[in-house]
Amino acid sequence: MNGGPSVELRRSRGARVLALVCVLGGVLLLVYPSDGALLRTIIAVGAIALGAVALVSALRPFRFGIHADGLTIRRPGLRRDIRWADVGALVLDEPPRRDGRPEPPRLLLVPVPGVRLEPVTARHPIDGRPAIELLVLDQVREQPDQVSAALTRYAGGRFVDLLALRRAAFDTPDLPVGLRGYHMDRVDRLIRRGQDALMSGDAATRQAARGEIERASAAGLPIAQRGYHTFQTDTVLDALVAALADQQSTDRETAT
């Protein structure tokens, strides 16, 4: 990441390397014949074609600059200079996990009312306002905390780092996965619900989240063939419920 009067994010090399591996693997399959030549040829051509498409995309111009005047973006699907005056909110967020696997964080922009920025492809994760997905962070070499620091420096109060806020509200450990465990998506949704409630600063929202988690635990979380270990998950959910209850106790003490 280059500093100074502006911050330039550097494109990740991962996509380029994977594309080259596909192309080279396909070429090797074609060069060294063996039994099942037709199937090998089909697989090889498919790998070469897939790698070539990915390589062309990886070699297209890329720039993501963060500076005092705003953002400069040059990437496939979005080429624009965005002034800070046109930005209502910038949010660094992580989509919900899928089958226990974390999704790469993404940077979303909500324009100020009256400003049209296209394409609108997302929603603000808290209030649901239409948003633009500016960047998926696996596209760049910088870590989320580095991107967050640059945006905090230049965007000021427009920027919210939901990743850091969720960790501060309730830092969830990586739950072990095994056979006959709790359904991972269901557990992850409950944990996200509790974290967002803790961030909200609203007592009613925290109470509702606490009740939802308690009811789900009392009814019995669904079991999947492969899921989160039950004992560790119960421990984490109990701790989350306790955190939500502590917040409510603090609210009552403050009110009195």
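Put simply, the side chain of Arg75 gets close to the backbone of Leu134: a donor and an acceptor are under 3.5 Å apart. No donor-acceptor distance shorter than 3.5 angstrom exists from the side chain of Arg180 to the backbone of Gln225, with no hydrogens or angles considered. His67 contributes a side-chain N or O that, together with a main-chain N or O of Gly70, makes up a donor-acceptor pair within less than 3.5 Å. Side-chain atoms of Arg158 come within 3.5 Å of backbone atoms of Trp84 as a donor-acceptor pair (strictly under, hydrogens ignored). Between the side chain of His124 and the backbone N or O of Ile126 there is at least one donor-acceptor pair closer than 3.5 Å. Of the possible polar contacts, one joining the Asp185 side chain to the Asp99 backbone as a donor-acceptor pair under 3.5 Å is found. No side-chain donor-acceptor contact under 3.5 Å links Ser148 to the backbone of Asp145.
No more than 12 heavy atoms of other residues, nucleotides or ligands lie within 6.0 Å of CG in Asp174, so this atom counts as exposed by the packing criterion.
Summarising the geometry, atom CZ belonging to Phe62 is positioned 5.5 Å from atom CG belonging to Leu135; distances are rounded to the nearest 0.5 Å. Taking CD1 of Ile191 as the reference point, atom CG of Leu240 lies at 7.0 Å (rounded to 0.5 Å). The line from CD1 of Ile82 to OG1 of Thr72 is 9.0 Å long, rounded to the nearest 0.5 Å. Note: Leu244 CG to Gln195 CD = 10.0 Å, rounded to the nearest 0.5 Å. Here the CG atom belonging to Asp93 is positioned 15.0 Å from the CZ atom belonging to Arg123, to the nearest 0.5 angstrom.
The closest side-chain heavy-atom distance from Val236 to Phe170 is below 4.5 Å.
No side-chain N or O of Asp69 forms a donor-acceptor pair with one of Tyr154 less than 3.5 Å apart.
Just one residue in the list Asp161, Val91, Leu71, Val7 forms a side-chain contact (heavy atoms from CB on, under 4.5 Å) with Leu151, and that residue is Leu71.
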Checklist entry - How far apart are the C-alpha atoms of Arg11 and Asp138, what are their side-chain angles, what is the distance that settles it, and do they pass the salt bridge (Lys or Arg N to Asp or Glu O under 4.0 Å) test? => result CA-CA 9 Å; Arg11 172 182 254 166; Asp138 63 357; over 6 Å; no

Throw together a table of side-chain donor-acceptor distances under 3.5 angstrom for residues 214-221, partners on residues two or more places apart or in other chains.
unit_1 : atom_1 : unit_2 : atom_2 : d
Glu214 : OE2    : Arg210 : NE     : 3.3
Arg215 : NH1    : Gly211 : O      : 3.4
Ser217 : OG     : Ile213 : O      : 3.1

Please tabulate, for side-chain N and O atoms in residues 101-110, each donor-acceptor pair with protein atoms closer than 3.5 Å (sequence neighbours left out).
none

